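See structure below.
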Amino acid sequence: MRIVRECAELIATRDAMEESVGFVPTMGALHEGHLSLIRRAREENDRVIVSIFVNPTQFLEGEDLEKYPRKEEADRKICELAGVDLLFMPTPEAIYGADELRIEAPKVRGYILEGASRPGHFDGVLQVVMKLLNLTRPDRAYFGKKDAQQLVLVEQMVRNYFLRTRIVPCEIVRDPDGLALSSRNVYLSPDERRRALAISRSLKRAGKLIQSGVREASAILEAMRGVLEGEVDELEYVAAVDREFRPVERIEPGEAILLVAARVGTTRLIDNLWV
Ligand code: PAF
C-alpha cells in the first residue's frame, strides 16, 4: 500500500492507474462501517484509494475538530489489511490555500435538518469532496447511508457539476445492540451508550408501524419521540423526508427516509432508516 500526503503525488499516482478506481473518503478513526465501504470498493474495482482527512471546513466553531479521534497508525494497518492500494493522508495546508473559491450547499436542502443544526457544515463537506473527487478521479465513490443528507447532497453535486464518478450508497453498519457505528461513539460513557440505543429503537419502532400499514408521518414521528423521550438528553429532530430530502406527510415504502439527531451527554448522534 502506498501512502501519499501531497496532492501532486496523488495526481501522478492516480494518473498511472489504468484500471477501474474505487474511492472511499473518510475522516479516519476507521471502524466496521468504513471497512464495509472499503470492502465494497475492493469487490467492484481494480484499484482502491482511501483518504483520511479530518476536514476543518466542515466543523463549526465550538465543535469537536480538535478532539475528533485520530488513529493514524491503526487506520494505516486497517487499510493495509483491507487491500487498499493507495492511502491519501494530506495536511490541511496541502488541501486548502488562502482566499479560496468556495462551493456552497444548495440553499434549501443544504440548510434543513443537519444543515439547520450545523449551518455551513455541508458547504465544507461539499468543498472537500469536490477536491477529493477531482484529485482521485474515481469510477466509483462510496458513501454510507448513515450520513443520508450528505449522501444526497454529494449525489446532487455530482449531477450539477457533471462529474464522472458514480456515487455508491452503502448500508448502515450497526453494533449487535443496534447502535449505528460512528467514530464519535467512543465519546459515550457506558450509561450514555445504553441510553443512545433509544435512537435505533425508535427507528425500529417506526419500521414496525410502517410494516403494519401506518402511513401518516406525524403518527410515526410521534411514536419515535415517545421512544426517545427520557433517554436522549436533547432531541434535535425527528423527520420524515423523501429521497430528495423534501419533507413528506405520508410514508411511502421505497420513497422515504426517517431521520433522528440527538445529543446523549455531550455527544451528537444521527441515525436513519431508508423505508
Ligand atoms: O463522512 C465523512 O467522513 C466526511 O464528511 C467526508 C465525506 C470524508 C468528507 O470530509
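Both ligands and their constituent atoms are indexed starting at 1 by order of listing. For clarity, every value in this text was computed on a predicted model and none was experimentally measured. What you see below is based on every heavy atom in this structure, not just the backbone, and it leaves out hydrogens, waters and symmetry mates.
In the model, Y111 has a side-chain atom that pairs as donor or acceptor with a side-chain atom of D123 under 3.5 Å. A donor-acceptor contact closer than 3.5 angstrom is absent between the side chains of S117 and Y237. In the model, N134 has no side-chain atom that pairs as donor or acceptor with a side-chain atom of Y161 under 3.5 Å.
For atom 3 (O) of ligand 1, the nearest protein heavy atom (residue, atom name, distance) is M27 CG, 3.6 Å. Scanning the protein for heavy atoms near atom 10 (O) of ligand 1, the closest one is Q58 OE1, 2.6 Å. Residue, atom and distance of the protein heavy atom nearest to atom 2 (C) of ligand 1 are Q150 NE2, 3.9 Å.
At a heavy-atom cutoff of 4.0 Å, ligand 1 is contacted by the backbone of T26 but not by its side chain.
Each of the following atoms of ligand 1 lies closer than 4.0 Å to a heavy atom of V128: 9 (C), 10 (O).
Geometrically, K67 engages Y187 in a cation-pi contact defined by less than 6.0 Å to the ring centre and at most 45° from the axis.
Checked against R268 for a salt bridge (Lys or Arg N to Asp or Glu O under 4.0 Å), the options E114, E63, E234 give a single hit: E114.
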